[in-house]
Each structure stands twice: as C-alpha cells, then as structure tokens.
Amino acid sequence: MPSLNFKGKALVQNFHLLVPYHELKPVKAKSLTRKPSLHDNLVVHGDNLKALKSLLPYYGGKVKCIYIDPPYNTGNVKKEGWRYNDNVDSPMHREWFGKIVSREDLTRHDKWLCMIWPRLRVLRDFLTEDGVLVVSIDDNEAHHLRSVLDEIFGEDNFVAQLVWEKGRKNDAKLFSTGHEYMLVYARSMARLRELKTVWRQTRPGAKELWDHYLDLRKIHGDDHAAVQASLRQWFKALPDSHPSKALSRFKNVDKFGPWRDRDISWPGEGGDSFYPVIHPKTKKPCKIPDTGWRYSTPEKMEEVIKLGLVEFRDDETQPPFCKSHLRPIPEELDDEDDLAEADEESVEPEELGLQVMGSVIYKQSQVTVKAFRQIMGKVKFNNPKDPEVLARVVNYVTAGDTKAVVLDAFGGSGTTGQAVLALNEADKGERRFILIEEEADYIDDLTCQRLRRVIKGVPKAKEEPLRRGLGGTFTFVHVGDPMHMQSLLKGSKLPTLEDLASYVFYTATGEDFDSCSINKKTGFIGTSARYDVYLFYKPELEYLKNSALTLDMARELPKGTGRRRLVFAPTKYLDAIHLEEHRIDFCQLPYEIYKAIKPNKA
C-alpha cells in the first residue's frame, strides 16, 4: 500500500507511546451534576493528546463513534491560527513549537500531519470493534488525511467520503467551494460484516408505523393475518397530513414486520440471470423478467425463497416479487458487488421506511450560525458545526445504539455534546459524550455554557425540545499532573489511588479499567483475563516508605475468581515459595508495571 511521507513522520509515528498518563481531576464547581464522575458525560480541559492517553484506561475499546473536527490548516491566522504544540524531542519540532501556522509557512502541511498522526493512533484504540471514526475536513488537508487514515486504520476500513454542502459563495471568482468533507472509517469492516451490520435512517412516520405494529402484535400475537388486517384499517383511517400515510404500501405483514412489494428483476441493463424459478403451487417455471432475475445464482434465489423474502403470484404467468420490509433484515439487502447500478427513476425514497443515507448532505451554514446565536447570543465562534447534522450522522453510524459513547477530541463549541443530548431527548436514550478542549479562553464561557443552556432550556429557540431543555448532566474534568512513576520515589505530586489504579491496571493488562471495582480495604482494583489485580498504595510518602506485602496480607487476600493474583506494592517480605503458594505475581512500584504480558490487540 502506498504511504505518505512528510517531515518529522519518523519521530511522531510512536510519539503517543511516550506521552505520560496524567491525573484526571473532576471539578465539581464547573460541572452540572450532583456527583462528578468519570462515567458521566465529560467535558475535559487539557491538551487533547494528553487527555486521550489518560482517558484510555477508562474508555479504551468502549467508544462507538468518534467525531473530530480538527484544524483545517487553512493558513488563515485570524480565523484559525492554530499552533503546533507537541513536545517532540527533536530540534525541528522544538523550532515549530508554539508558533502560529500561516499560509506562508512552507512546512504547514508537515506540521499538521505531525499533529494529527499521534492523535489518530490513540483514537483508534478507543473504538469498539464495530465502532466508527468520522472526521470533518476541507480541501486543504483532505487528500493528506485520507492517506494517513489508510495507513493507521487500513484502507480496507474506509467506508465513505461524505460531502457536506453548506451553501454557494456568489463572490467566488471561479467555483464556489462551499462544501466540506466527512471521512468515515470503521475500526473493522470485517467485524461489521460479521455482525451483518446495516445502517439506515428513519423516514418521518416510520417510527409511528412501527410502534403501531408493535401494539397490534401485543393484541394479536403471531397471527400475522390479523395484524395485517388491523394495520390496513389504521392506514385507511389516517388523515392525509399524517407522516405515516406516505408509507401505506407497507400494508402487508409477516414474521419480520410490515412489508411492501419490490421488483425482482435485475436493475438496469446487462443482466444474465435467466435460470428457471418453479412456482410452488403450479410447479411450472415462472415468467422471467426481461433483464433476468435480481439474484445472480439459483442458490441465492433459493436462499431468499426459504427465508420468506419472495412472494409468488397466483400462478406462473407473472414473475414473483421481492419483499421490502420496513426494517430490513440483512439477508434481503443487495450485495453491492452483485448488482448493477439501479436506475435512479426506479427508486422510490418516499415509500421507504428506512433508507440509506446519501453521500451528500445539504445544510446551509447560515442556518447553523443563526441557531448558534439563539443559544449563545453574541458570543463569537468561527464556523460552528450543525448539531442536527451531527446527530443524524452519529445516530446513523451507531445504528441507533441508545447507549453509545461518543467522543470528540476537538470539542470546540460543544456541538457534539448538544447532538448527543438531542438524540437522548428524542428516544429516551442513555448515550454519553466525551468532549476534549484545550483552549482555556472559551471552554468555560462557550463549551460548558452552551451545554448548560441546552440542558436547562433556551427560551428563544425555535424547536420545542430545545426551549424546554434537553436534560442531562456533565462532569468537568481537568487534565492534571503527569504520572511519572519516578515521582513515587520522591513523594512529589503523588497520584490519587484511582488514578494510579487505572494506570497500572491498563498498563499491565491492556484491558479497560472500571473504578467501581476498587476495594480500598482489600486492595482489589479489578479482574483481567489472566489476573485478579491488587494495588497496595496510599498517596503518602510515609506509607510508601514503610509498606510491604507480607505473608499475613497474602493469606488475607480474597479468593476472587481463582485466577492468579497480580499484586502491586512498594516492596514485599515474601519469598518465591510463598508467592507461588498464594498464586501471586508481584510487581514492585514504581518499576515493574510492565511485568505482566499484555494480550495482543489488533
């Protein structure tokens, strides 16, 4: 696979590994919650690379969707004015450090790539196996970013490059470039295929139709004919203005729910599937469509017939038709590699209950700016993103997962947080957001203030949900001091028990840490695939000088799961025989955190 070379690449490829973990300190005064917690919605203040590294023990492998809106590297100092601020140990990077990147800077693309590379490396580790990364970008770096993502995520995991058309610029001299892009990459396309993942967005009226179908199922059970008869009566009684009226072709019902008929012929020209299909009643071959069957092989046709996805007519004189369900099952969806491009005129989007999102999004930026001003007044922020568009994209790529964790490492004005809160308000979901923002100048007055207002209500907002408030909470978290283990020897800047526990657990096992597992009395901090893990520690220098794992302490360890015990302590007074007798692998603080063998991660 081709790779992209740029100045400094060799020095930043593994830079994320050198970034130390930092303490994460919840700040109650800046939070909007009764009990600050790292498992709440989070607004994290600090450098995003340091914040990401420190959040990894808590959220590694748990984030369903990452959305980021990094600097576009336009070179416009007044509107963007970003600086390269990673402390890479090289003369070139030290020369770059802290300087605004302008359009005249001949290394501006190299600087941007050196900035984005380590962040993408860390972000990939946050995603669930079926998770998705979405990156907003424009023409300045889109081509570079695509190459970088191909290297880090793998080109096989590329999903789509969406175009977001934001409006025409009539003062342009040549072409109006009013669009941006969204690059979409999967953590693992292989896993999405294995799960038979289907992404669809719901049309107006589809939810009401599905809810009514479920109500009828409660009345009639598995009597599909009775459910179908009642559903047809419901459609007839609906006023023309009802959004479900446009979906009235979904008047049939089977075990998969409401369905409508669909053409079974090969779309477009050039079909070559002309095998016989036997009618189940007359036992004669059915009439073959002029362009052949939609399914390329007799085996595939037999498969969908057995699934009940083909409906035969009264006799063989006319071809049967496919079923198109309100909520499609994976087996009834066409394989993109097997079908020709369908004629656009044959598509009937107004009659689809769930439909594929197009690759072009239309939403004028002026609408977004006006909505932002309704919330924030005259607060200035360049190019705020549209929460409605982000909510639509997040809900789509998470397949409507109402408990998804959504991460935004360039939190900005908090649009992603508002989008997640709006989704939760609409479907009573329990999604959580993590926003990371470095700029102290506006994280309080803009990011957090916006979230407070949309949670409590914006009286001047046009939308009713926003006027009454979207509800929710958030915890403000400050990225604190680095946790250099050598500081334990000096007793300076000692981390809290929870911070050190998350660090040693994740570092030693490579698995996610749950702070709820901590038992201060027994020293237990969690269970991994191989170990029950214990940490004997207090953030006190005298404790560290005078504490050790003793035979009595070993005997008092809980039975646990029966796995071996991984025990961290300042020192030990046990020999190898007693350690083995009590199934203990001992790690001395601070040096032996890496003693346990991490499981391999893809």
Side-chain angles (χ1 to χ4, degrees), residues 196 198-217 220 222-268 277 279-280 286-287 289-295 300-301 303-315 317-336 338-358 396 399-400:
K196 297 183 178 180
V198 175
W199 293 347
R200 289 292 184 271
Q201 60 183 3
T202 305
R203 283 191 53 77
K207 184 179 185 302
E208 292 88 341
L209 170 53
W210 185 259
D211 288 344
H212 186 68
Y213 160 71
L214 294 179
D215 289 339
L216 294 176
R217 283 291 303 274
H220 301 292
D222 292 333
D223 187 345
H224 305 310
V227 173
Q228 177 174 294
S230 297
L231 185 64
R232 292 183 177 187
Q233 289 297 321
W234 181 73
F235 274 128
K236 288 180 180 179
L238 287 178
D240 291 340
S241 59
H242 195 283
S244 298
K245 192 74 170 182
L247 302 172
S248 57
R249 280 189 64 183
F250 289 92
K251 60 185 178 181
N252 309 294
V253 173
D254 65 9
K255 62 182 178 181
F256 299 121
W259 62 271
R260 57 178 281 265
D261 59 283
R262 177 188 180 199
D263 189 6
I264 202 170
S265 63
W266 183 269
V277 174
H279 192 281
C286 293
K287 180 181 178 181
D290 293 341
T291 58
W293 301 111
R294 172 176 290 270
Y295 305 108
K300 180 62 177 178
M301 176 67 83
E303 178 187 337
V304 293
I305 290 174
K306 286 183 177 179
L307 282 169
L309 300 178
V310 173
E311 187 76 4
F312 287 89
R313 302 178 194 267
D314 292 338
D315 58 37
T317 58
Q318 292 296 322
F321 49 79
C322 300
K323 293 180 178 181
S324 178
H325 286 86
L326 182 70
R327 293 194 172 186
I329 63 171
E331 289 81 4
E332 73 183 275
L333 298 175
D334 295 321
D335 189 328
E336 294 176 357
D338 291 342
L339 280 183
E341 288 292 329
D343 183 349
E344 288 186 8
E345 293 182 359
S346 69
V347 179
E348 303 168 79
E350 73 281 357
E351 294 179 349
L352 295 174
L354 301 178
Q355 61 184 8
V356 178
M357 180 180 286
Y396 189 76

All N/O donor-acceptor pairs, side-chain side in residues 231-240, below 3.5 Å, sequence neighbours left out:
residue	atom	partner	partner atom	Å
Arg232	NE	Lys251	O	3.1
Arg232	NH2	Asn252	OD1	2.6

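Of the possible polar contacts, one joining the Thr291 side chain to the Trp266 backbone as a donor-acceptor pair under 3.5 Å is found. Side chain of Tyr396 to backbone of Met357: a donor-acceptor contact under 3.5 angstrom is found.
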| message | side chain to side chain contact (heavy atoms under 4.5 Å, CB included) for Trp259 and Glu311? Distances and angles first, verdict last. | response | CA-CA 11 Å; Trp259 62 271; Glu311 187 76 4; 4.1 Å; yes

| request: In sequence, state the C-alpha distance, the side-chain angles, and the governing distance for Leu309 and His325, and then conclude on side chain to side chain contact (heavy atoms under 4.5 Å, CB included). | output: CA-CA 9 Å; Leu309 300 178; His325 286 86; 3.7 Å; yes

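In terms of heavy atoms, Gly205 sits closest to Leu247 at C-CD1, 3.7 Å. Taking each heavy atom of Met301 and Val310 in turn, the nearest pair found is SD-CG2, 4.4 Å. Listed here is the closest heavy atom pair of Trp293 and Pro319: CZ3-CB, 4.2 Å. Here the shortest heavy-atom pairing between Lys323 and Gly308 reads NZ-O, 3.0 Å.
Atoms NZ and CD1, on Lys300 and Ile305 in that order, are 12.0 Å from each other to the nearest 0.5 Å. How far NE2 of His242 is from CD of Glu208: 5.5 Å, rounded to the nearest 0.5 Å. Within the model, atoms OG of Ser230 and NE2 of His220 stand 3.0 Å from one another, a figure rounded to the nearest 0.5 Å.
Residues satisfying the salt bridge (Lys or Arg N to Asp or Glu O under 4.0 Å) test with Asp315, not counting sequence neighbours, are none.
When Leu214, Asp215, Val253 are each tested for a side chain to side chain contact (heavy atoms under 4.5 Å, CB included) with Val227, only one passes: Val253.
The pair Asp261-Arg249 counts as a salt bridge, with a side-chain nitrogen and a carboxylate oxygen less than 4.0 angstrom apart.
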